Asks: 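The structure follows.
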Amino acid sequence: MKRIVSIVLALLLMRRPHSPDTDANGDDMTCHTDNNKHLPFACSVCAKRFTQKGHLIAHTRTHTGEKPFACSVCGKGFSRKGDLRIHSRTHTGEKPFACSFCGTRFRQKGDLIAHTRTHTGEKPFACSVCSTRFTQKGHLIHMRTHTGEKPFSCTVCGKSFSKKTNLTAHTRTHAGEKPFACLVCGKGFTQKGHLMAHTRTHTGEKTFISTFFSILHI
DNA sequence: CTCTTGTAGGGAAAAGCCCGGG
DNA sequence: TCCCGGGCTTTTCCCTACAAGA
Ligand SMILES: [Zn+2]
Ligand SMILES: [Zn+2]
Ligand SMILES: [Zn+2]
Ligand SMILES: [Zn+2]
Ligand SMILES: [Zn+2]
């Protein structure tokens, strides 16, 4: 699925017409030919350019999904040999990178860097709404507390959650009881509020947000 | 008051990807 | 040119404190 999305995006990039304005621009033209000299190898799918042919070949695998290097232990495939080497540490237990503050060891350098921020207090990522700062970029999922986005819906009661793990925890609470049944379609709900929200989908009243997510089939 | 459930912050593992240099 | 490894980013999951409420 993810690869399909990337291919679609790549096709969209290909279809994007070259701007006549920039083509007529002398400076841009110079830059363009300079790029062709310095980055002679272009991806035929997304038009990214590379300094070496091998780099292009490796990049192409991000479109094709080809994974020529398989782990001899678990069979998992990788697009790059170096990535396979890193992966092999999960089997050997090798953790070459030690935290200078607490001694905890990590398999990957980046993991140590992220961990070190827990000691230094460095928080490079700021919420654009409330300016709260975070140690990891992924923690900006915090933004959903502002937008109300809840992409993960329970298949049993329909309640939505902002985080997948919270939905998973919620799902475990279901023991099969659905006390509030919809008078139109019979669908059951655990809470009255859920039924009320559901009933509105029959009367045609939808919030913008729910319409948005139903379009995305989330 | 206590037990259950919802919310969200924060840490980490693993994978993904680009780049320079031997 | 081929190949290796460094460096950084992204994705996914886990643990947990705390709040809300029955
Ligand atoms: Zn490409
Ligand atoms: Zn393996
Ligand atoms: Zn440490
Ligand atoms: Zn915020
Ligand atoms: Zn549910």
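Numbers restart at 1 for each chain; the letters A, B, ... are given by sequence-line order, proteins then strands. As the structure is a computational prediction, the values presented were derived from the model and not from experiment.
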Asks: Side chain to side chain contact (heavy atoms under 4.5 Å, CB included) for L84(A) and C71(A)? Distances and angles first, verdict last.
Replies: CA-CA 7 Å; L84(A) 171 57; C71(A) 173; 3.7 Å; yes
Asks: What I want to check is whether an N or O donor and acceptor connect the side chain of Q52(A) with the base of dG21(B) at under 3.5 Å.
Replies: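 Yes.
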Asks: dT9(C), OP1 or OP2 - any side-chain N/O from K137(A) closer than 4.0 Å?
Replies: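 Result: no.
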Asks: Find the partner of dT1(C): check Watson-Crick (N1-N3 plus N6-O4 or O6-N4) and G-U wobble (N1-O2, O6-N3) distances, both under 3.5 Å, and reply none if neither fits.
Replies: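 Paired with no nucleotide.
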Asks: Might you point out which heavy atoms bring F152(A) and R144(A) nearest each other, and give the distance in Å?
Replies: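 The answer is CE1-NH1, 3.8 Å.
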Asks: If only side-chain N and O atoms of T135(A) are considered, is one of them under 4.0 Å from the OP1 or OP2 phosphate oxygen of dG11(B)?
Replies: yes
Asks: Is any N or O donor-acceptor pair between the side chain of Q108(A) and the base of dA15(B) shorter than 3.5 Å?
Replies: yes
Asks: Please determine, for the side chain of F161(A), which listed nucleotide (dT7(B), dG5(C), dC18(B)) has the closest atom?
Replies: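 Minimum distance to the F161(A) side chain belongs to dT7(B).
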Asks: Any side-chain N or O of R80(A) less than 4.0 Å from the OP1 or OP2 oxygen of dG16(B)?
Replies: no
Asks: NZ of K67(A) versus C1' of dG16(B): gap in Å, rounded?
Replies: 9 Å
Asks: With under 30° as parallel and over 60° as perpendicular, where do the rings of F161(A) and H170(A) fit, or are they tilted in between?
Replies: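 Rings of F161(A) and H170(A): tilted, 30 to 60°.
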Asks: Would you please confirm or rule out a distance under 4.0 Å between OP1 or OP2 of dA13(B) and any side-chain N or O of R89(A)?
Replies: no
Asks: A side-chain contact here means heavy atoms from C-beta on lying under 4.5 Å apart; do V129(A) and M143(A) qualify?
Replies: yes
Asks: Is T165(A) touching bases, backbone alone, or none of the nucleic acid, heavy atoms closer than 4.0 Å?
Replies: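 Since a base atom lies under 4.0 Å of T165(A), the category is base.
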Asks: Please report the distance, rounded to the nearest Å, between CZ in F134(A) and C1' in dA12(B).
Replies: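 In whole Å, dA12(B) C1' lies 17 Å from F134(A) CZ.
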Asks: Take the protein atom CD1 of I57(A) and the nucleotide atom P of dC3(C), then report the distance between them rounded to whole Å.
Replies: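 One finds 9 Å between P of dC3(C) and CD1 of I57(A), rounded.
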Asks: Could you check how far CD1 of I113(A) sits from P of dA14(B), rounded to whole Å?
Replies: 17 Å
Asks: Suppose we call a contact any N or O donor and acceptor under 3.5 Å apart; does that hold for the side chain of K163(A) and the base of dG9(B)?
Replies: yes
Asks: Does a side-chain N or O of H142(A) approach OP1 or OP2 of dG9(B) to a distance below 4.0 Å, or not?
Replies: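 So the side chain of H142(A) is within the cut-off, an N or O lying under 4.0 Å from OP1 or OP2 of dG9(B).
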Asks: D111(A) CG to dT11(C) P: how many Å, rounded?
Replies: 16 Å
Asks: Is any side-chain nitrogen or oxygen of R107(A) closer than 4.0 Å to OP1 or OP2 of dA14(B)?
Replies: yes
Asks: Nearest whole Å is fine: how far is dA13(B) P from F97(A) CZ?
Replies: 13 Å
Asks: Taking the minimum atom-to-atom distance to the side chain of T90(A), which one of dT10(C), dA15(B), dT1(C) wins?
Replies: dA15(B)
Asks: For H59(A) and dC18(B), give me the distance from atom NE2 to atom P, rounded to whole Å.
Replies: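 Roughly 6 Å, once rounded to whole Å.
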Asks: By a 5.5 angstrom centroid cut-off and a 30 degree plane limit, is there stacking between H55(A) and dC19(B)?
Replies: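 Stack criterion met.
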Asks: Specify the closest pair of heavy atoms between R80(A) and A58(A), including all atoms of both residues, with the distance to one decimal.
Replies: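 Here R80(A) and A58(A) meet closest at NH2-O, 3.8 Å.
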Asks: Provide, to the nearest angstrom, the distance between the CZ atom belonging to F106(A) and the P atom belonging to dC8(C).
Replies: 17 Å
Asks: Could you go step by step and tell me if H119(A) and F101(A) meet the ring pair (Phe, Tyr, Trp, His ring centres under 6.0 Å) rule?
Replies: CA-CA 7 Å; H119(A) 297 298; F101(A) 292 93; 5.0 Å; yes
